[in-house]
Amino acid sequence: MDSGAGFQVFSLRSENHRVREYKRRREHKKTKLGCIACRAKKVKCDETRPVCLRCSRNKRECVYETPEDGSESDHAGGQASAAQTTAGLSSLAAPTLDPSFSPGSDNGTDDAQLWQNLQQYEAELFQMKNSSTIIAFSQGNSLLNHVLLALSACHLRQQTPGSVQHRIAEHFQQSEALHEFQQALDTPRQDLGEQGVSVLILSAILLGQITFALPASETADDEHLDPRSSWVFDQGDSQLGWLDLQVGLHSLIASVAPYGGPALDFVSSIFIQDREDTWWGAQGERPLRAMPSTWAHVLHFDNEIPVHSQASALLDLRDTQPVAPNVFKALIFLGDIDQNFRQLLNTKDERALWMLGYWFGLLSRFEDVWWTRQRARRDHQAILMWLQQLNLGGRPGPQGQAWQAMMHELELAPRAAWRVP
């Protein structure tokens, strides 16, 4: 399957796993359609309707102007807004294949074997109590069916890295899933219905697992992970493509919320038993914990970065028992990552890198989660190496002393003790 097989947004390349930049796929035009509050504060608005993420986080009224007559409107939905809020979801990467190999009509490991693996290793693959609900829900739904087959192929590929057939199957099934996923994204939310919204959210979450798992070109056994193969040491523009779906999920949730309340409750019941712990809930509603004094001294951002909320999410994760069913709670931290924070990561800002590195370190404690284990371990070590070479602890005065403590805490993050209830 070549890159011209009718995919409007996704780039499937046969060498060196990279995510094509969004600007190369679609021309961006400047817009003045942001909400009134964001425009008044002269900050970037993500234009999520009916309530943008910034207004949701700050618990303020979100009002939009109607372009035709300039009148104010607080419910200005539509397909353009939906496309903007889910732009990050379009930056998915395909598995890496041998450049000399062309799948042709061979789609790799057959569906029957993929389903057999899915059923045999259901508990390990999903690591949630209600995984059977997802499998049953996929019957008769082509999108979710391809997503589950891609997830199974990804799991098989990680277990047997030398198998080209598993890599081909992952490539093919993910390609089919992405094609149908894009079609679902292009469908007005109110036309999807409760089941359609449920499938869209389930597919986004499971595709996020596939994207988070290290690609074949970067996969090694757990004892031989190379930190220098991490995106941290990559200067390319697409270095953070793996993060886009994780961040974009929250925009997708916001775009379907007015139409899919029951669907969100249904999906939440599959992944997390306690509804209050759902990671896509409004961050502004979470009780914020006091930030450690050392963190407060070092992690100074402007008002565009919700650092207190992010720090609170890290503290909550540190105190969470690192068992597989709790892994989805780790995604709460990603809910506060917006384009401003992503840009800081892209420019290797030491404060943003420390926070993400600490998150990776805490995530690496979930040793039984197959799709997070390798990336969490490798990228934690990569960020630690990057920051160590900056000699932050060597800065003069209290700043250097604070960074010494921060680096020590970063190094020990994978062994951080969780709080016994």
In this structure, are over 12 heavy atoms from other groups packed under 6.0 Å from Gln116 atom CD?
no
With sequence neighbours left out, write down each residue that passes ring-ring contact (aromatic ring centres under 6.0 Å, His included) with Trp295, or none if nothing qualifies.
Trp354, Tyr358
Min side-chain heavy-atom separation Leu225-Gln381 under 4.5 Å
no
Reported SG-to-CG distance for the pair Cys154 and Leu125, which is rounded to 0.5 angstrom:
9.0 Å
Would you sort out whether Ser364 and His380 count as a side chain to side chain donor-acceptor pair (under 3.5 Å), showing the intermediate values?
CA-CA 8 Å; Ser364 68; His380 169 260; 5.5 Å; no
Would you say that Phe181 contacts Leu200 through its side chain, given a criterion of any heavy-atom pair below 4.5 Å between the two side chains?
yes
Taking atom CD of Gln195 as the centre, does the number of heavy atoms from other residues, nucleotides or ligands within less than 6.0 Å exceed 12?
no
Side chains of Asn117 and Gln159: donor-acceptor distance under 3.5 Å anywhere?
no
Test: Arg318 cationic atom under 6.0 Å from Trp418 six-membered ring centre, within 45° of axis
no
Evaluate the side-chain proximity of Gln127 to Pro325: yes if any heavy-atom separation is below 4.5 Å, no if none is.
no
CG (Leu114) and CD (Gln173) are apart, to the nearest 0.5 Å, by 6.0 Å
Would you indicate whether the side-chain heavy atoms of Ile168 and Asn107 approach each other to under 4.5 Å?
no
Could you walk me through whether Leu288 and Ser309 pass side-chain contact (heavy atoms from CB on, under 4.5 Å), step by step?
CA-CA 6 Å; Leu288 298 182; Ser309 180; 4.1 Å; yes
Criterion side chain to side chain donor-acceptor pair (under 3.5 Å) on Arg378 and Ser229, from CA distance to verdict
CA-CA 9 Å; Arg378 186 199 66 175; Ser229 68; 3.3 Å; yes
Ring centroid separation Phe137 to Phe266 under 6.0 Å:
yes
Look up atom CD in Glu170 and atom CZ in Arg167, then write down how far apart they are to the nearest 0.5 Å.
9.0 Å
Candidate pair Asp368 and Val323, rule side-chain contact (heavy atoms from CB on, under 4.5 Å), full reasoning:
CA-CA 7 Å; Asp368 296 331; Val323 294; over 6 Å; no
Do the side-chain N and O atoms of Thr320 and Asn326 include a donor-acceptor pair separated by under 3.5 angstrom?
no
Those residues that, when tested against Glu411, pass side-chain contact (heavy atoms from CB on, under 4.5 Å) (two or more places apart)
Leu384
Parallel, tilted or perpendicular: which fits the ring planes of Trp371 and Phe328, with parallel below 30° and perpendicular above 60°?
tilted
Using a 4.5 Å cut-off on heavy atoms from C-beta on, say whether the side chain of Ser312 contacts that of Met291.
no
Distance alone, cut at 3.5 Å: any donor-acceptor contact between the side chains of Glu122 and Ser132?
no
Using a 6.0 Å distance limit plus a 45 degree cone around the ring axis, check whether Arg375 lies over the aromatic ring of Phe212.
yes
Side chain to side chain donor-acceptor pair (under 3.5 Å) for Gln182 and Asp186? Distances and angles first, verdict last.
CA-CA 6 Å; Gln182 184 64 51; Asp186 292 339; 3.2 Å; yes
Minimum side-chain heavy-atom gap Arg373-Phe366 below 4.5 Å
no
Not counting sequence neighbours, which residues clear side-chain contact (heavy atoms from CB on, under 4.5 Å) with Ala123? List them please.
none
Using a strict cut-off of less than 4.0 Å between a Lys/Arg side-chain nitrogen and an Asp/Glu carboxylate oxygen, indicate whether Arg228 and Asp234 qualify as a salt bridge.
no
For the pair Lys329 and Asp316, find out whether any cationic side-chain nitrogen is under 4.0 Å from an anionic carboxylate oxygen.
no
Run the side-chain contact (heavy atoms from CB on, under 4.5 Å) check on Leu252 and Leu185 step by step: do they pass?
CA-CA 9 Å; Leu252 177 60; Leu185 287 179; 4.0 Å; yes
Taking the six-membered ring for Trp, are His155 and Trp370 parallel (under 30°), tilted (30 to 60°) or perpendicular (over 60°)?
perpendicular
For side-chain contact (heavy atoms from CB on, under 4.5 Å), just list the numbers for Trp115 and Asn145, CA-CA rounded to whole Å, side-chain angles, deciding distance to a tenth of an Å, and then say yes or no.
CA-CA 10 Å; Trp115 274 113; Asn145 182 73; 2.9 Å; yes
